[in-house]
2 protein chains.
Amino acid sequence: MNIGQASAASGVSAKMLRYYEEIGLLPKAARTEAGYRVYSAKDVNTLRFIRRARDLGLSIERIKLLVGLWQDRERSSADVKRVATEHVAELDAKILELTAMRDTLQELADACHGDHRPDCPILHDFEGGGRSPEHRGTVTKDVRRGKGAAAGLPAGCHAG
Amino acid sequence: MNIGQASAASGVSAKMLRYYEEIGLLPKAARTEAGYRVYSAKDVNTLRFIRRARDLGLSIERIKLLVGLWQDRERSSADVKRVATEHVAELDAKILELTAMRDTLQELADACHGDHRPDCPILHDFEGGGRSPEHRGTVTKDVRRGKGAAAGLPAGCHAG
DNA sequence: CCTTGACCCTCCCATGGTGGGAAGCTCCAT
DNA sequence: ATGGAGCTTCCCACCATGGGAGGGTCAAGG
């Protein structure tokens, strides 16, 4: 099985296959004399595992952990569960953050008549005078962006 | 006002001030003879506007639009509202996506006893046999990652 | 006046996953 | 033998942000 076939069988692009190998998520694939990568049915299983994990938004780092546990017959399910639970917690945090943004913005949009006139509560809020505090404060606390979010959650986030 | 003071007054890092100028979100700042950037109180207002918009998760592209509308006395509030509403729609989509991931993973975690034994429904699902469909299908549809999400939503997403 | 330290400048690099594409080789079918 | 599909490596881009190197500037205190 060459890379194109493994890709088709697993739903992981050839590009990503090479990338996962490069970063050590996958072991280095065997090669033909000509240098073509060769994959087995077992490799395809691993790839499907990875694909499923990515679809659930897990980061590559966590998938590395899970693949390790998966292949360890001595693993304890508690370790697996912990990884999953950590990810759920991050998803929850991100959902809360996005929901707060959404709600604030929806409120502002609702307050905007949306006609030809220039007057607009959205811009008024952004101007940040803070003169209408009832429309502020929702996301104002410094939950702000930072490595945590970018490194932790992503996958589904950068995804598209 | 130099860049450090403008940064402190607006809550936007000096690094980002330079970046926003580079990508054309801000006009090129005036300079002292020594080459130091100089900012006015008006600039700080714009920066606060941008900061607020970023906190609500708007992409730089959309913020460019909003700043343009903000500074246009002839604008119609409908245009502003449309930009905001588009962003709300993207936030909603992302929230749905993350929630689906979260729910699936939480179900799997709930089903995992989490003790010393190796048997684990999470790994079982990831193995993807599809043998227990009641735990599948939630995120299985190909909503998958792609340019749209990365370009559209971000801010709060990459943020941290 | 000179030193010190805080500040500023530009330029490069990294993040996390993913896609795009160029330049060149291999394989298979015609 | 030729064409095209598929493989290889290598570099670039995304988005927004932070980190840091290497060097210039400014103001306060000695």
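The sequence lines fix the lettering, A, B, ..., with proteins before strands; numbering per chain opens at 1.
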Provide, to the nearest angstrom, the distance between the [atom1] atom belonging to [X] and the [atom2] atom belonging to [N].
X: B/R54; N: D/dG18; atom1: CZ; atom2: P; result: 10 Å
X: B/M1; N: C/dC7; atom1: CE; atom2: P; result: 14 Å
X: B/E61; N: D/dA13; atom1: CD; atom2: P; result: 17 Å
X: B/L58; N: D/dC15; atom1: CG; atom2: C1'; result: 14 Å
X: A/N2; N: C/dC25; atom1: CG; atom2: C1'; result: 15 Å
X: A/L17; N: D/dC7; atom1: CG; atom2: P; result: 10 Å
X: A/I23; N: C/dG16; atom1: CD1; atom2: P; result: 9 Å
X: A/E21; N: C/dG17; atom1: CD; atom2: P; result: 18 Å

*Check against side chain to side chain contact (heavy atoms under 4.5 Å, CB included), B/C112 and A/K81*: CA-CA 7 Å; B/C112 174; A/K81 186 169 181 169; 3.9 Å; yes
Identify which nucleotide among [options] has an atom closest to any side-chain atom of [X], counting heavy atoms from C-beta outward.
X: A/R18; options: C/dG17, D/dT9, D/dA16; value: D/dT9
X: A/I3; options: D/dT17, D/dT8, C/dG17; value: D/dT8
X: B/M16; options: D/dG18, C/dC7, D/dC7; value: D/dG18
X: A/K15; options: C/dG19, D/dT8, C/dC8; value: C/dG19

Reckon [X] has a side-chain N or O less than 4.0 Å from the OP1 or OP2 of [N]?
X: B/R37; N: C/dC8; result: no
X: A/S59; N: C/dG16; result: no
X: B/Y19; N: D/dC15; result: no

*When B/M101 is tested against each of A/I95, A/L91, A/V88 for side chain to side chain contact (heavy atoms under 4.5 Å, CB included), which residue passes?*
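Testing each of A/I95, A/L91, A/V88 against B/M101, the sole residue satisfying side chain to side chain contact (heavy atoms under 4.5 Å, CB included) is A/L91.
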*Could you tell me if the ring centre of A/F126 sits under 6.0 Å from that of B/W70?*
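No, ring centres 6.0 Å or more apart.
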*Below 4.0 angstrom, N of the basic side chain to O of the carboxylate: do A/R117 and A/D119 qualify?*
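Salt bridge between A/R117 and A/D119, a charged N being under 4.0 Å from a carboxylate O: no.
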*Would you say the side-chain atoms of B/H87 pair up with the backbone N or O of A/R102, donor to acceptor, closer than 3.5 Å?*
no
_Can a donor-acceptor pair be found, under 3.5 Å and without considering hydrogens, that links the side chain of A/D125 to the backbone of A/I122?_
no
_Sub-4.0 Å heavy-atom contacts from residues 27-36 of chain B onto DNA chain C, ordered by number_ = B/R31, B/G35, B/Y36
*Do B/L26 and B/L47 come within less than 4.5 Å of each other through their side chains, counting heavy atoms only?*
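Yes, at least one pair of side-chain atoms sits under 4.5 Å.
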